[in-house]
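Down below is the structure, laid out as structure tokens.
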Amino acid sequence: MNVLVWNEFRHEKENPVVSDIYPEGIHGAVADFLKKDGHNVSTATLDEEEHGLTEEVLSDTDVLVWWGHKAHDEVEEDIAERVKQRVLDGMGLIVLHSAHFSKIFQKLMGTGCDLKWREADDKERIWNIDPTHPIAEGIGQYIDIEKEEMYGEHFDIPAPDELIFLSWFEGGEVFRSGATFKRRNGKIFYFRPGHETYPTYYHEDVQKVIRNGVRWAENTNGPKHQYGNAQPLEPITEK
């Protein structure tokens with residue numbers, strides 16, 4: 001499988017706390033554990049030409065993993081549309097943490113994707129509420145994360161096709177933290193944890209969920225939907 005991990009790569013350059021946690025960037029950390037599954041993993045960042053998301057690169061990508069936070073508006077509109085079209089055509093998409101506000105996720109959801117948030121070292125308990133789902137394979141009843149940024153409801157997204165994880169935070173909030181969506185031929189998985197000032201992407205169970213999500217999101221080469229004018233499959237009796 002060809003997996004592309006995309007990241008703004010801004011916090012790591014500007015905040016020493018983040019660069020100490022992720023010296024090779026968040027994209028580097030995510031790419032490292034995805035390689036353990038034998039995937040062909042590459043990375044791309046915002047400041048590359050065409051954000052590293054050329055037609056050629058996207059056409060060769062089976063699953064795209066997206067992390068963004070402070071520079072959503074800097075993603076060029078035509079490139080966001082290009083990514084959206086690839087998802088509709090069958091490319092899988094994994095949306096991580098603050099990428100809920102990314103142009104690509106908003107376009108595919110058709111909503112603002114807003115939520116409540118707080119940075120206060122909340123403990124997060126991610127409850128596994130669909131243990132039979134492939135994305136939850138190998139995960140116990142819950143995942144505990146010692147410190148994370150809080151996201152709280154209401155999360156302004158459409159009703160998910162499947163809700164796999166539900167988070168509870170030490171401050172009392174809950175959040176739909178693991179949700180899947182299908183858009184035409186593409187499959188999308190949103191997974192909440194991953195604030196840049198915490199070492200969340202080194203957490204074994206967080207890595208396992210993302211690895212499972214990548215496998216789930218791969219297009220299985222099923223039949224493509226056809227749209228527009230269609231010729232009859234059988235002769236139509238003249239009337």
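Nothing fancy with the numbering, it's 1 onward along the sequence. For the numbers below, each heavy atom of this structure counts, side chains included, while hydrogens, waters and symmetry mates do not.
Taking all atoms of both residues into account, the shortest heavy-atom contact from His51 to Ile79 is CD2-CD1, 3.5 Å. Of all heavy-atom pairs between Tyr202 and Ile21, the closest is OH-O, 2.8 Å. Contact detail for Leu4 and Gly52: the closest heavy-atom pair is CD2-O, 4.5 Å. Pairing each heavy atom of Gln106 with each of His100, the nearest pair is CG-O, 4.1 Å. Smallest separation of non-hydrogen atoms from Lys182 and Asp161: N-OD2, 2.6 Å. For the residue pair Ala31 and Val41, the shortest heavy atom distance occurs at CB-CG1, 3.6 Å.
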message: Is there a side-chain contact (heavy atoms from CB on, under 4.5 Å) between Ile129 and Ile164? Walk through the geometry before answering.
response: CA-CA 5 Å; Ile129 62 173; Ile164 306 168; 5.7 Å; no
message: Go through it in stages, so that I can follow the logic: the residues are Ile26 and Tyr201, the test is side-chain contact (heavy atoms from CB on, under 4.5 Å), and I'd like the CA-CA distance, side-chain angles, deciding distance and then a yes or no.
response: CA-CA 8 Å; Ile26 290 172; Tyr201 291 122; 3.8 Å; yes
query: Would Leu108 and Phe181 count as a side-chain contact (heavy atoms from CB on, under 4.5 Å) if you check the C-alpha gap in whole Å, the side-chain angles of each, and the deciding distance to 0.1 Å?
result: CA-CA 9 Å; Leu108 288 163; Phe181 307 86; over 6 Å; no
task: Begin from the C-alpha positions of Glu196 and Val17 and carry the test side-chain contact (heavy atoms from CB on, under 4.5 Å) through to its verdict.
output: CA-CA 9 Å; Glu196 67 274 3; Val17 173; over 6 Å; no
- prompt: Where do Glu8 and Lys70 land on the salt bridge (Lys or Arg N to Asp or Glu O under 4.0 Å) test, with the steps shown first?
  reply: CA-CA 8 Å; Glu8 288 175 352; Lys70 64 183 298 182; over 6 Å; no
message: Please determine whether salt bridge (Lys or Arg N to Asp or Glu O under 4.0 Å) holds for the pair Glu55 and Arg86, giving the CA-CA distance in whole Å, both sets of side-chain angles, and the decisive distance to 0.1 Å.
response: CA-CA 9 Å; Glu55 295 275 10; Arg86 274 290 294 127; over 6 Å; no
- request: Take Ser59 and Glu56, measure what side-chain hydrogen bond (donor to acceptor under 3.5 Å, both in side chains) needs, and give me the verdict at the end.
  value: CA-CA 5 Å; Ser59 67; Glu56 182 179 6; over 6 Å; no
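Taking CG from Leu46 and CG from Leu53, the interatomic distance works out to 9.5 Å, rounded to the nearest 0.5 Å. Here the CG-CD distance, from Asp122 to Glu148, works out to 9.5 Å after rounding to the nearest 0.5 Å. The line from CG of Asp130 to CG of Asn128 is 7.5 Å long, rounded to the nearest 0.5 Å. One finds the NZ atom of Lys107 at 6.0 Å from the NZ atom of Lys84 (value rounded to the nearest 0.5 Å). Separation of atoms CG (Asp114) and CZ (Phe155) is listed at 9.5 Å; rounding is to 0.5 Å. The line from CH2 of Trp168 to CD1 of Ile126 is 12.5 Å long, rounded to the nearest 0.5 Å.
Taking the side chain as every heavy atom from C-beta outward, Val65 and Leu34 approach each other to under 4.5 Å. A heavy-atom distance below 4.5 Å is found between the side chains of Asp32 and Lys35. Asp205 places none of its side-chain heavy atoms less than 4.5 Å from the side chain of Ile145. When side chains are defined from C-beta on, Lys208 does not count as touching His203, because their heavy atoms never get closer than 4.5 Å. Side chains of Trp6 and Val83 form no contact here, defined as non-hydrogen atoms less than 4.5 Å apart. Proximity of Arg183 to Met109: side-chain heavy atoms (C-beta onward) are separated by under 4.5 Å at one or more points. At least one side-chain heavy atom of Leu93 sits under 4.5 Å from a side-chain heavy atom of Leu64. For the pair Val214 and Phe189, the minimum side-chain heavy-atom distance is 4.5 Å or more.
For the pair Glu218 (side chain) and Arg215 (backbone), a donor-acceptor distance under 3.5 Å is absent. Glu76 places no side-chain N or O within donor-acceptor distance of the main-chain N or O of Glu50, the cut-off being under 3.5 Å. Between the Asn2 side chain and the Asp60 main chain, a donor and an acceptor come within less than 3.5 Å of each other. Under a 3.5 Å cut-off, the side chain of Ser98 and the backbone N or O of Gly68 do form a donor-acceptor pair.
Hydrophobic clustering (side-chain heavy atoms under 4.5 Å, transitive across Ile, Leu, Val, Met, Phe, Trp, Tyr) groups Ile210 together with Val63. Under the 4.5 Å side-chain contact rule for hydrophobic residues, Met1 and Val30 share a cluster. In the hydrophobic cluster analysis, where Ile, Leu, Val, Met, Phe, Trp and Tyr join through side-chain heavy atoms closer than 4.5 angstrom, Leu115 is grouped apart from Leu96. Following chains of ILVMFWY side-chain contacts shorter than 4.5 Å, one cannot reach Val174 starting from Ile143, and the two form parts of different hydrophobic clusters. The hydrophobic clustering, which links ILVMFWY residues whose side-chain heavy atoms are closer than 4.5 Å, places Val75 and Tyr190 together.
Because its NZ or CZ atom is both nearer than 6.0 Å to the ring centre of Tyr151 and within 45° of the ring axis, Arg192 counts as a cation-pi partner of that residue. Both tests do not hold together for Arg118 against Phe169: distance to the six-membered ring centre under 6.0 Å, angle to the ring axis within 45°.
Between Arg211 and Asp37 there is a salt bridge, since at least one side-chain N of the basic residue sits less than 4.0 Å from a carboxylate O of the acidic one.
Screening Trp216, Phe175, Phe105, Phe165 against Phe191 for a ring-ring contact (aromatic ring centres under 6.0 Å, His included) leaves a single residue, Phe165.
Shown here is Glu146, whose CD atom has no more than 12 heavy atoms of other residues, nucleotides or ligands within 6.0 Å. Within a 6.0 Å sphere centred on NZ of Lys147, heavy atoms belonging to other residues, nucleotides or ligands number 12 at most. Surrounding NZ of Lys13 are more than 12 heavy atoms belonging to other residues, nucleotides or ligands, all under 6.0 Å away.
Relative orientation of the Trp67 and His97 rings is parallel, given thresholds of 30° and 60° on the angle between their planes.
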Would you tabulate the side-chain donor-acceptor contacts of residues 135-142 under 3.5 Å, counting partners in other chains and residues two or more places apart, or write 'none'?
none

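Here side-chain hydrogen bond (donor to acceptor under 3.5 Å, both in side chains) pairs that include residues 16-28, with residues two or more places apart or in two chains, are Asn7-His27.
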